[in-house]
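Okay, structure first, notes after.
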Amino acid sequence: EVQLVESGGGLVQAGGSLRLSCATSGFTFHDYAIGWFRQAPGREREGVSCLSNPDGTTYYTDAVKGRFTVSTDNTKNTVFLQMDNPKPEDTAVYYCTARPFYYCTQYGVFDDAMDYWGKGTTVTVSS
């Protein structure tokens, strides 16, 4: 059974830093792409980043480029989203997603493309 469990959310001040984790199990980590999505209150869900484990390709939405970084610990099948210099507009529930044999592109990461979803972790950025 594929499982994705996010953690690391909480309250952070604008300009600080926060690291989200996504612990995965039930699949061959190397074969999957991992996407991070977020949904703010009253707003549509949006794709934040994508990492293709097969080839290392990454994608970031313009709003987080230069501030967020996705990385992995392949020994623990865990994906991280490092959030540096967060802004109040980054406040949202963040979801970790996965899809096998999927390659991220420069055009974005779309929720209907991802097969598996975690339950989310809430990030609140105070001004």
Side-chain angles (χ1 to χ4, degrees):
E1 178 187 6
V2 173
Q3 289 192 326
L4 306 169
V5 181
E6 303 95 336
S7 62
L11 178 64
V12 61
Q13 281 194 324
S17 64
L18 196 67
R19 190 176 77 163
L20 306 183
S21 299
C22 175
T24 75
S25 62
F27 60 88
T28 304
F29 189 67
H30 180 75
D31 292 338
Y32 277 61
I34 304 295
W36 284 95
F37 289 76
R38 66 185 180 185
Q39 187 164 22
R43 300 188 64 178
E44 290 189 357
R45 189 163 54 197
E46 65 169 333
V48 175
S49 73
C50 185
L51 168 67
S52 302
N53 274 328
D55 67 355
T57 302
T58 57
Y59 160 84
Y60 298 94
T61 191
D62 286 345
V64 308
K65 277 182 183 176
R67 300 188 298 118
F68 290 11
T69 305
V70 64
S71 63
T72 64
D73 181 341
N74 293 332
T75 66
K76 297 182 179 179
N77 292 349
T78 299
V79 183
F80 304 101
L81 184 67
Q82 179 68 38
M83 303 172 61
D84 295 321
N85 189 25
K87 303 176 181 180
E89 51 264 42
D90 295 321
T91 295
V93 178
Y94 283 73
Y95 299 92
C96 176
T97 69
R99 175 174 171 173
F101 305 111
Y102 181 77
Y103 293 86
C104 307
T105 73
Q106 61 180 319
Y107 302 108
V109 57
F110 306 99
D111 52 10
D112 59 356
M114 308 310 285
D115 292 333
Y116 302 101
W117 290 72
K119 294 183 178 181
T121 186
T122 300
V123 173
T124 302
V125 184
S126 62
S127 57

Kindly write out the residues that satisfy ring pair (Phe, Tyr, Trp, His ring centres under 6.0 Å) with Tyr94, not counting sequence neighbours, or none if the list is empty. none

Applying ring pair (Phe, Tyr, Trp, His ring centres under 6.0 Å), can you list everything that pairs with Tyr60, at least two apart in sequence or on another chain? none

Check: [Y] main-chain N/O paired with [X] side-chain donor or acceptor under 3.5 Å:
{"X": "Thr78", "Y": "Lys76", "value": "yes"}
{"X": "Glu6", "Y": "Lys119", "value": "yes"}
{"X": "Thr121", "Y": "Ser7", "value": "no"}
{"X": "Arg67", "Y": "Asn85", "value": "yes"}
{"X": "Ser52", "Y": "Pro54", "value": "no"}
{"X": "Arg99", "Y": "Ala113", "value": "yes"}

Atom pair [atom1]/[atom2] of [X] and [Y] - distance to nearest 0.5 Å:
{"X": "Tyr103", "Y": "Cys50", "atom1": "OH", "atom2": "SG", "value": "12.0 Å"}
{"X": "Thr122", "Y": "Gln39", "atom1": "OG1", "atom2": "CD", "value": "11.0 Å"}
{"X": "Thr61", "Y": "Trp36", "atom1": "OG1", "atom2": "CH2", "value": "15.5 Å"}
{"X": "Asn77", "Y": "Gln3", "atom1": "CG", "atom2": "CD", "value": "12.5 Å"}

Apart from Phe80 itself, what residues make up its hydrophobic cluster, given side-chain heavy atom links below 4.5 Å? none

Taking all non-hydrogen atoms of both residues into account, name the closest pair between [X] and [Y] and its distance.
{"X": "Ile34", "Y": "Cys96", "value": "CG2-SG, 3.9 Å"}
{"X": "Ala98", "Y": "Tyr32", "value": "CB-CD2, 3.8 Å"}
{"X": "Met83", "Y": "Pro86", "value": "O-CD, 4.0 Å"}
{"X": "Val125", "Y": "Thr91", "value": "N-OG1, 2.9 Å"}
{"X": "Leu51", "Y": "Gly56", "value": "CD1-O, 4.0 Å"}
{"X": "Leu18", "Y": "Gly10", "value": "CD2-N, 4.2 Å"}

Is it true that [X] and [Y] fall in one hydrophobic cluster, defined by side-chain heavy atoms closer than 4.5 Å?
{"X": "Val109", "Y": "Phe68", "result": "no"}
{"X": "Phe27", "Y": "Tyr95", "result": "no"}
{"X": "Val48", "Y": "Tyr102", "result": "no"}

Side chains of [X] and [Y] in contact at under 4.5 Å (non-hydrogen atoms):
{"X": "Val79", "Y": "Ser21", "value": "no"}
{"X": "Cys104", "Y": "Thr58", "value": "no"}
{"X": "Val123", "Y": "Leu20", "value": "yes"}
{"X": "Phe37", "Y": "Thr97", "value": "yes"}
{"X": "Thr105", "Y": "Tyr59", "value": "no"}

Strictly below 4.0 Å, N to O, side chains only: are Asp90 and Lys87 in salt-bridge contact? no

Distance under 6.0 Å and angle within 45° of the ring axis: does Arg45 meet both against Trp117? yes

Might you confirm whether atom CD of Gln13 has over 12 heavy atoms from other residues, nucleotides or ligands at distances under 6.0 Å? no

Under the side chain to side chain contact (heavy atoms under 4.5 Å, CB included) test against Asn53, which residue among Asp31, Thr28, Thr72 passes? Thr72

List the steps, then state whether side chain to side chain contact (heavy atoms under 4.5 Å, CB included) holds for Ser49 with Val64. CA-CA 9 Å; Ser49 73; Val64 308; 5.7 Å; no

